[in-house]
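As structure tokens, the structure follows; a few thoughts come after it.
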Amino acid sequence: MGTGWSALTRKDLISPKGRTVLLMGNEAIARGALEAGICFAAAYPGTPSTEIMEALASVAKDAGIYVEWSTNEKVAFEAAYAAAMSYVKSLTTMKHVGVNVAADILMSSAYAGVNAGFVIVSADDPGQHSSQNEQDNRWYGMHAHIPVVEPSSPRDAYKLTKAAYMLSEKYKHPVLFRSTTRISHTRQPVTFEQDVPVEKKCKGRFDRDIERWVLVPAHGRKQKKRMMEVWRKIAEDEGVEPFIRIINPGMKKAIIAGGIAYSHVMEALELLGKKDEYSVVKVSLPVPLPYKPILRVLKEAQEVLVVEELDPVLEIQIKKIAYDNGVTTKIRGKDIVPINGELDLDSVARSILSFDGREPIMPWKPLEPLKLEPPIPARPPVMCAGCPHRNTYYIVKTAANKAGLKDPIFTGDIGCYTLGYEPPFHTQMTSLEMGGSIGVAHGLSKVVDEPVIAVIGDSTFYHAGLPPSINIVYNKGHAVILVLDNQYTAMTGHQPHPGTGLTAMGEPAVRVPIEKLLETMGYKTYVINPMNVRESINIVAEAFKKYKEGEQIAIVSRMKCALQAVRKARKEGIRLPVYHIVEDKCTGCMVCVKLLACPAIVVPKGAKKPKILTELCVGCGLCAQVCPFNAIEIFKEGSPDWLEAWK
Amino acid sequence: MARYNILVTGVGGQGLLTLGRVVGNAAILAGIDATIAETHGLSQRGGSLIVQIRLGEGESPLIPRGAADLVIGMEVLETARRIIYANTNTRVAMNKFLWPPPLADYPDLEQVVDKIKETGVKLYMIDANRISENVVGSVISANMVMLGFAYAVDEGLKKLFDKKHFLQAIERVFRGKAVELNKKAFEAGYEEGLKQT
């Protein structure tokens with residue numbers, strides 16, 4: 001698991017021009033930014049954006065650039081923007097919802113502009129593979145007056161990243177680079193067109209340009225005029241390669257497509273044998289849409305189909321261009337093309353056939369789903385074998401019973417621990433946005449009678465957990481804060497954070513202890529090691545009793561992510577213990593199965609007793625501590641120092 | 001020319017992404033264009049996972065339902081779940097390993113195998129986990145066993161690649177002693193595949 005970075009060596013990403021390397025879209029963006037000459041990059045991890053900064057961090061020293069994992073997207077944006085204010089080319093990257101966190105500075109950056117190339121990558125997630133929504137961030141460009149560049153493939157992402165920097169430098173304006181999951185997480189051979197420059201500008205200077213950087217209303221009004229002039233010019237002048245490309249011009253039917261939709265369109269036309277019937281406009285600058293080439297196509301064609309993923313951002317602009325110029329060409333879009341989820345060859349081919357007034361008969365014939373009894377069970381993601389969150393959830397629920405804490409409401413957050421919404425845990429009853437667990441817990445504690453427990457991960461706590469934690473004590477809310485500290489930003493692939501003791505570039509860093517922050521705010525704070533199950537239950541039960549008495553309580557549960565423990569064990573030759581179930585002692589009560597839902601414990605078909613898949617067991621020992629009949633025992637001893645792997 | 005579509009299916013953690021990277025690097029060595037669509041993030045944590053490999057010119061990274069030329073199944077239930085990507089001409093190379101999700105009822109191996117066979121696809125099976133354990137000492141290289149096996153049983157792959165392309169790709173993707181172990185795993189899967197053709 002992890003991010004898959006290991007396959008690409010550091011050398012590959014900075015190898016000379018002419019080399020062809022299999023790059024993930026995110027790595028292609030990183031290479032493009034390196035070729036463009038960036039010297040500063042800052043981000044907060046978030047799927048599907050993470051590997052851009054991971055790639056840059058891994059070559060930072062060789063390439064002579066600065067890279068950091070910031071505490072959140074707003075902070076990352078501010079840092080990278082400051083570099084670009086000061087004549088140093090910079091990059092910030094985030095997932096689509098991360099732009100919401102950075103929206104305040106995003107808006108202001110468009111007013112004040114930049115002095116060196118500045119690109120903001122927004123990696124959107126159509127289809128919600130790993131996100132709470134599928135918001136279309138091209139709207140942010142519209143909203144903020146920041147041009148949006150959008151690639152159609154990883155190779156295109158590599159080239160367009162460089163074009164985005166040229167655009168930013170030309171207009172002294174930020175540029176939003178919108179990728180999507182299927183660009184960011186698709187690999188493709190990419191041939192490098194240039195070397196990574198050895199000489200680049202890393203030392204900046206700050207112009208004390210008060211009218212520009214101090215956006216008091218009088219200054220803001222002036223900057224707005226500058227911004228709108230940039231906006232007008234881009235729409236006027238940039239309707240050229242690589243931002244707009246017209247394939248097979250002059251046909252009666254035209255398709256206008258952007259992003260990944262363009263790649264689907266080209267292949268669908270080929271498969272349907274309709275390549276010669278259509279002009280195709282590839283839009284790589286969807287916002288603001290350059291009107292000149294679009295108007296030309298609208299005049300030449302009799303019918304136009306707009307194919308884009310998610311919202312009708314192009315369609316609305318194209319219809320405006322038509323209306324403003326008195327063109328009555330028939331324009332179709334979201335009346336045919338799906339608005340929900342990601343597009344694929346199937347849906348795009350169907351849309352084209354429907355536009356043509358044909359029955360949607362596909363050139364491929366899929367098999368029917370298999371009819372099985374019982375049917376194939378769903379397989380949602382689960383907490384890994386040995387995951388510390390499983391221990392903590394078991395401990396917290398047991399302690400709540402012990403302390404007589406009835407029907408607690410568990411507000412939740414964004415991370416692997418969100419999986420606690422699943423049975424048997426039910427320890428996540430909300431999960432809305434980063435840091436939301438604590439803010440929502442506060443409000444709930446004011447309006448409901450049940451006890452409230454806010455569950456948040458370590459990285460999320462540093463990201464957005466501090467202000468709402470302060471708010472609870474200040475405004476006399478009453479909710480327990482439970483921080484699950486596995487020492488990494490684990491879900492996105494174990495990036496370091498302020499509790500890890502490392503920077504993105506692998507240098508030692510200070511640790512900011514979560515328990516000290518909470519104590520300073522006024523919480524009585526307990527720290528547990530959830531591997532010690534019984535001791536932890538006692539401590540948490542004690543904490544819950546204090547909570548019932550009206551005290552402000554916080555609990556930090558600290559145990560390293562199991563994937564990292566396994567990795568360390570493998571690297572250092574540490575053997576982790578492995579457990580098994582002793583058949584004679586097992587009564588088949590299924591407590592281990594039902595209370596823990598560990599993927600290493602299975603019930604073989606038709607069997608009355610569970611079994612541990614020894615190749616998956618990582619020796620956390622939780623099941624052995626839970627078994628009422630002591631039927632789970634060590635099968636293979638770990639090496640004497642095995643606990644070191646978990647430290 | 002239509003692209004050659006390989007759907008890799010299994011459970012997060014079974015090495016599907018690595019398998020995809022090896023095929024992608026082999027494609028570069030063989031001078032074939034490729035796109036490989038991966039799944040990352042939360043969906044990787046023990047969940048149902050697919051990797052979509054498309055070989056030949058073209059940039060749409062997603063395989064249409066019914067257009068898979070080859071399915072490489074790392075797990076039985078996941079192979080069954082994704083059979084909709086196959087058509088009656090598809091070859092299915094499946095690891096004979098059924099890994100039920102926690103707390104769920106599920107159909108048994110024989111029933112699933114029978115139903116897959118009934119569809120008319122060409123099904124080839126191998127116990128890749130056991131072979132990986134025998135060859136490298138753990139299940140960690142079952143993915144390379146499956147790739148070697150699929151290469152041996154799939155005519156389409158043989159037309160596109162020489163065996164050396166995969167072995168060289170393994171050298172590019174793995175480091176240190178993992179290179180030789182994974183080459184051995186690939187060869188072991190390949191040998192087993194030859195027995196079935």
Side-chain angles (χ1 to χ4, degrees), chain A residues 1 3-4 6-7 20 22 24 47-48 129-130 152-153 182 185-189 263-264 266-268 270-271 344-346 349 362 364-384 416 418-419 423-424 491-492 593-594 597-599 601-603 605 615, chain B residues 2 11-13 17-18 20-21 24-25 27-28 33-48 58-62 64-67 77-78 80-81 83-88 99-109 111-112 115-116 119 121 129 133 138-139 173 175:
Chain A
M1 293 204 236
T3 57
S6 58
T20 301
L22 185 72
M24 191 194 289
T47 313
H129 298 277
S130 207
S152 62
S153 69
R182 296 305 185 179
H185 287 162
T186 291
R187 285 177 193 273
Q188 197 177 29
S263 294
H264 298 320
M266 293 306 280
E267 197 167 327
E270 170 99 44
L271 285 163
D344 54 25
L345 258 180
D346 273 313
M362 296 297 164
W364 39 82
K365 243 205 174 80
L367 296 176
E368 293 291 317
L370 298 184
K371 289 190 180 65
L372 293 159
E373 196 44 54
I376 304 164
R379 193 191 301 268
V382 291
M383 290 178 223
C384 307
C416 291
T418 310
L419 297 173
M491 186 167 74
T492 48
V593 175
K594 286 185 183 149
C598 175
I601 305 178
V602 296
V603 185
K605 194 71 196 172
E615 68 266 31
Chain B
V11 180
L17 301 188
T18 308
R21 282 199 300 272
N25 277 287
I28 291 179
D33 205 2
T35 58
I36 300 161
E38 303 180 340
T39 318
H40 288 248
L42 188 63
S43 36
Q44 260 179 293
R45 299 280 179 261
S48 172
E59 298 211 304
S60 169
L62 304 178
R65 304 263 197 282
L77 295 174
E78 294 309 316
R81 191 191 311 281
I83 207 74
I84 47 175
Y85 282 92
N87 59 60
T88 48
W99 186 8
L103 308 176
D105 196 9
Y106 56 94
D108 61 38
L109 181 89
Q111 191 197 156
V112 179
K115 289 281 179 186
I116 293 177
T119 63
V121 299
N129 287 23
E133 277 176 337
S138 81
V139 298
V173 169
R175 298 280 165 264

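Numbers restart at 1 for each chain; the letters A, B, ... are given by sequence-line order, proteins then strands.
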Margin query: Looking at chain B, which one of A:S152, A:P423, A:P48, A:S263 has the largest number of heavy-atom pairs inside 4.5 Å, strictly under?
Written below: A:S263
Next item on the list: Pick whichever of A:K594, A:E373, A:E368 has the most heavy-atom pairs under 4.5 Å with chain B.
Entry: A:E373
List the atom pairs, with distances to 0.1 Å, where a side-chain N or O of residues 100-108 of chain B and a protein N or O form a donor-acceptor pair under 3.5 Å, not counting sequence neighbours.
| from | atom 1 | to | atom 2 | distance (Å) |
| --- | --- | --- | --- | --- |
| B:D105 | OD1 | A:K605 | NZ | 3.1 |
| B:Y106 | OH | A:V603 | O | 2.8 |
| B:Y106 | OH | A:K605 | N | 2.9 |
| B:D108 | OD1 | B:E110 | N | 3.4 |
| B:D108 | OD1 | B:Q111 | N | 2.9 |

Taking atom [atom1] of [X] and atom [atom2] of [Y], what is their separation to the nearest 0.5 Å?
X     : Y      : atom1 : atom2 : value
B:N87 : A:L367 : CG    : CG    : 6.5 Å
B:T35 : A:R187 : OG1   : CZ    : 12.5 Å
B:N25 : A:L22  : CG    : CG    : 5.0 Å

Notebook entry, point to check: Just by distance, do the side chain of B:R81 and the backbone of A:L370 share a donor-acceptor pair under 3.5 Å?
Noted result: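 Pair absent, no side-chain N/O of B:R81 close to backbone of A:L370.
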Checklist line | Atom group of A:V593 that falls short of 4.5 Å from chain B, counting heavy atoms | finding: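 Both parts, heavy atoms under 4.5 Å.
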Next item on the list: Heavy-atom distances under 4.5 Å only: say whether A:P424 touches chain B with side chain, backbone, both or neither.
Entry: both
Nearest non-hydrogen partners of [X] and [Y], listed with the distance:
X      : Y      : value
A:R182 : B:E38  : NH1-O, 3.8 Å
B:S60  : A:H264 : OG-ND1, 2.7 Å
A:L345 : B:L62  : CD1-O, 4.1 Å

Is chain A contacted by the side chain of [X], its backbone, both, or neither, given a heavy-atom distance below 4.5 Å?
X      : result
B:V121 : side chain
B:I83  : both
B:T18  : neither
B:L109 : neither

Check: With chain A, which of B:G24, B:A34, B:A67 has the greatest number of heavy-atom pairs at distances under 4.5 Å?
Finding: B:A34
Margin query: My understanding is that only residues two or more places apart in sequence, or in another chain, count here; which of them pass side chain to side chain contact (heavy atoms under 4.5 Å, CB included) with B:I84?
Written below: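 Only A:P369, B:R65 meet the side chain to side chain contact (heavy atoms under 4.5 Å, CB included) criterion with B:I84.
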Notebook entry, point to check: Is the shortest heavy-atom distance from the side chain of B:E59 to the side chain of A:M266 under 4.5 Å?
Noted result: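 Result no, sub-4.5 Å side-chain heavy-atom pair not found.
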